[in-house]
Structures are given as C-alpha cells and as structure tokens.
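The block underneath contains the structure these notes are about, expressed in structure tokens.
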There are 2 protein chains.
Amino acid sequence: MKIQLALDRMEIAEAIELTRKVTDSIDWIEVGTSLIKEFGVASVRELKQAFPAKTVVADIKTIDNGRYEFEMCFEAGADVATVMGVSPLVTIDACMEVARRYNKKVMIDLLNTSSEQKSALMKYKEAIFCDHVSKDEQEEAGSLNRGDKDGQLFDDPAIQVAAAGGITLESIGALRATLNPAVAIIGSAITKAENPAEAADKFKQVCQQEELV
Amino acid sequence: MKIQLALDRMEIAEAIELTRKVTDSIDWIEVGTSLIKEFGVASVRELKQAFPAKTVVADIKTIDNGRYEFEMCFEAGADVATVMGVSPLVTIDACMEVARRYNKKVMIDLLNTSSEQKSALMKYKEAIFCDHVSKDEQEEAGSLNRGDKDGQLFDDPAIQVAAAGGITLESIGALRATLNPAVAIIGSAITKAENPAEAADKFKQVCQQEELV
C-alpha cells in the first residue's frame with residue numbers, strides 16, 4: 001500500500017517544507033485542490049521541482065474542459081491528475097487521451113458518483129479509482145462510510161484503487177481489511193500531526209507490515 | 001436578460017483587456033474555471049479590482065471543501081461563486097451558509113446533474129441555477145440540447161436561472177423562447193469574435209429588445 005500525502009489548505013512554501021520533513025515515509029505527493037484553486041498550477045510546478053523523484057498528483061478535480069486542464073497539469077510536471085467520476089464521460093475520455101499521449105495517469109475521483117455511474121466508469125481500465133469520502137461529508141458525519149458497497153465494483157484485480165478521506169492511524173487497519181487500496185491518501189493525519197515526520201513514519205510501518213504478509 | 005461574460009483559456013491581463021473593450025455591453029464578469037485553476041484566486045482579485053462596479057462571478061466549480069473555497073472567493077472580491085449540483089448536499093449547504101454570511105450569491109452549476117438531483121436542489125431558493133452544456137459536450141455533439149426537460153424544473157418564477165454553453169447570436173433567440181434565463185452566459189461568441197466590442201453590443205441589443213416586450 002502506497003502513501004499519497006495530500007497537501008491542502010496551506011501555502012506552497014509550507015507544503016514544500018512539510019513534505020521535506022516526511023519525504024522518506026511517503027510515496028506520492030498530492031497537490032490538493034485547495035492549493036491549485038488558491039495559487040494556480042504554479043503549485044504543481046513548484047512541488048514537482050522540489051521533489052522531482054516523487055510521483056506528483058495534481059488534484060485538479062476536472063469536471064469539464066478535460067483536455068485543457070490535463071495538458072496544463074502534465075505540462076506543469078504532474079504524473080497523475082484527477083477527474084471527477086460525476087463528469088460527462090466525454091470529459092473523462094478527453095482526460096484519458098491526454099494521459100496516454102503524455103504517458104501519465106488519470107485518477108478518477110468517485111466522490112458522490114452513483115452505482116450506475118461507477119459501473120460505467122469501470123471501462124477505464126488504465127485509470128486509478130479513488131474511493132473518496134469528501135471533506136464536507138466527514139465534517140458532517142464525523143465518521144466514514146465506505147468499503148463493502150464499493151468493494152463489489154472493485155473486484156477486478158486489474159483495477160487500481162485509491163482511498164481518500166479522513167484516514168487515520170486508527171482507521172487504516174479497517175480500510176486494509178475491507179477495500180485494501182493500492183494507494184492510501186492521507187492528509188491531516190500527517191499534515192496536522194504534532195510531529196508530522198513521526199506520524200508519516202508510523203503510517204509507513206503499517207503499510208510495509210502489510211506488504212510482508 | 002443579463003449578459004455574463006465568461007473569460008476562459010487566457011491570461012489575466014488578456015482577460016482584463018478584453019473586458020475593457022466590451023464593458024458597456026455586458027452586465028456580469030465570469031472569471032472562468034480555467035483562469036482560477038491556472039492562476040489561482042488572484043484572477044478573481046485582479047478582475048474585481050479592475051472592474052469594481054461589475055458583478056464578478058468566480059466559476060470555481062466547488063464540489064467539496066465548500067466553506068474554504070467560498071470564503072476564498074468572497075474574500076478575493078467575488079460577488080457570486082459556483083458550486084456543482086452533483087456535489088453532496090452538505091457541500092452546497094456550506095456554500096449557501098458562507099454566501100449568506102458575506103451577503104453574496106451562490107450559482108449552482110447543473111452540469112451532468114440527474115433529474116432527481118435537480119429536484120433536490122430546488123430547495124435552495126436563494127441560489128441562481130445554471131443550466132450548463134459543458135465545453136466537452138459541445139465539442140462532441142456540435143449542437144446544444146437544453147430547454148424543455150429542464151424547463152419543467154424551473155417553473156417556479158422565484159427561481160433565478162442562468163444558461164451557459166455555446167450560446168451564439170444565432171442561438172440566443174431559441175434560448176429566450178424556451179428557457180428564457182435571467183442570465184445568459186456567453187464566452188467565445190464574444191471573446192473569440194473578430195470584433196468583441198461589436199459582438200457584445202449585438203448581444204446587448206438582443207437582450208434589451210426582449211426587456212421591452
């Protein structure tokens with residue numbers, strides 16, 4: 001299980017500084033939607049420049065204008081960019097086409113997609129599918145509701161799955177037991193920890209333990 | 001019928017220069033999603049500073065993190081900000097709450113929302129509802145498919161409706177005859193016209209004619 005560090009609600013310099021502290025423990029760096037919308041695609045460019053060896057995910061949450069937004073992300077150095085599963089399929093087609101042309105990856109964010117929409121998306125075999133409990137839903141519900149229902153759609157072992165939303169050291173065990181994603185997207189459990197390096201290291205230990213099983 | 005000028009796929013300076021040319025003919029200025037994602041919220045701030053008397057719409061297309069993104073837009077000077085109709089309702093609730101607090105407006109973008117979702121959204125009586133044919137759908141279909149079906153949902157005269165997507169001088173008549181929105185969102189038919197000032201003036205004449213009827 002890879003760790004994708006989600007960087008949100010902070011300045012670009014702060015994001016770089018924070019990533020430096022945890023870089024040995026994490027695999028992928030996510031430039032969060034809030035950074036892109038606040039500071040533009042410069043946020044992607046600066047993070048990739050600071051960490052050229054890391055896989056950088058631009059969480060641009062495209063829902064239209066797929067070609068333009070994905071070219072922009074990949075030109076800025078992103079290795080993966082996100083499109084919403086609730087988008088018209090023609091938008092996702094455009095993102096897939098750009099990703100193939102740049103030899104990069106698409107992550108499809110399943111936030112609020114219906115079961116029917118999810119089924120229709122499963123044709124995008126080269127994409128990474130992100131099971132996502134949104135920030136706003138977390139804040140309202142206070143707990144997470146994922147796993148079983150979506151798990152059925154992810155039965156195809158060829159499908160790469162990521163999970164995002166409120167993952168903590170306490171909940172990552174249950175996540176592994178149910179969805180067992182290839183990528184665990186972790187934000188505030190690292191970025192807002194009193195000691196981010198220590199928190200990231202603990203997540204890394206959990207993820208490595210699993211690989212030895 | 002008001003004209004909202006949609007500024008997309010250009011630099012901020014270019015957007016300001018273009019708006020200056022057409023400012024007498026248009027009512028609202030939309031800072032397009034592509035400007036926000038490329039240059040950040042500075043795009044909203046600079047457009048509002050350049051045109052303080054105009055209503056500025058930040059087309060931020062929020063789908064999560066509603067409070068953060070809407071506060072960011074309104075702090076930057078936006079008068080209206082957009083949230084996706086396909087968002088979890090808790091996100092739209094957050095946007096409505098922020099807008100009330102700032103005495104600003106929410107525009108709900110109905111791109112790819114189902115009939116069931118649209119019905120659930122009609123409770124947000126203070127919002128503007130944007131009937132939106134996406135850029136990618138326009139490019140695929142080459143023609144627009146709106147009106148009747150959505151029209152039924154917009155029967156409540158208290159609901160403010162906007163229409164976006166591929167509106168031209170040729171199609172605006174049919175739009176008026178069917179949806180008759182309070183706001184017509186016009187992008188490339190003005191911004192890519194050989195003479196943007198002349199094009200905007202023609203749109204204004206059509207909109208004013210209607211008001212005299």
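A, B, ... follow the sequence lines: proteins, then strands. Residue 1 opens every chain.
- When the candidates Val86(B), Asp93(B), Asp64(B) are compared by the number of heavy-atom contacts under 4.5 Å with chain A, Asp64(B) comes out ahead.
- Donor-acceptor pairing under 3.5 Å is lacking for the side chains of Asp109(A) and Thr82(A).
- The residues Arg100(A) and Glu126(A) are annotated as salt-bridged, a charged nitrogen and a carboxylate oxygen being separated by less than 4.0 angstrom.
- Of the atoms belonging to Ser87(B), it is backbone heavy atoms, and not side-chain ones, that fall under 4.5 Å from chain A.
- Ranked by heavy-atom pairs under 4.5 Å with chain B, the list Lys37(A), Met72(A), Lys135(A) is led by Lys37(A).
- Between the side chains of Thr168(B) and Ser171(B), at least one donor N or O lies within less than 3.5 Å of an accepting N or O.
- Ranking Asn65(B), Val44(B), Ile63(B), Thr113(B) against chain A, the residue ahead of the rest is Asn65(B), based on heavy-atom pairs under 4.5 Å.
- Of the atoms belonging to Leu111(B), it is side-chain heavy atoms, and not backbone ones, that fall under 4.5 Å from chain A.
- Proximity of a side-chain donor or acceptor of Gln138(A) to a complementary backbone N or O of Gly166(A) within less than 3.5 Å is detected.
- For Tyr68(B), the part sitting under 4.5 Å from any heavy atom of chain A is the side chain, from C-beta outward, and nothing else.
- With respect to Glu97(A) and Arg101(A), a salt bridge is recorded, a charged nitrogen being found less than 4.0 Å from a carboxylate O.
- Counting non-hydrogen atoms of other residues, nucleotides and ligands closer than 6.0 Å to NZ of Lys202(B) gives a total of 12 or fewer.
- Between chain B and the options Gly40(A), Ser43(A), Gly66(A), Ala76(A), the largest number of non-hydrogen pairs under 4.5 Å is found for Gly40(A).
- Looking only at heavy-atom pairs under 4.5 Å with chain B, the residue among Ala42(A), Ser134(A), Pro88(A) that has the most is Pro88(A).
- Contact check on Asp79(A) versus Lys48(A) returns a salt bridge, with a Lys/Arg side-chain nitrogen under 4.0 Å from an Asp/Glu carboxylate oxygen.
- Heavy atoms of Glu38(B) lying under 4.5 Å from chain A belong to its backbone as well as its side chain.
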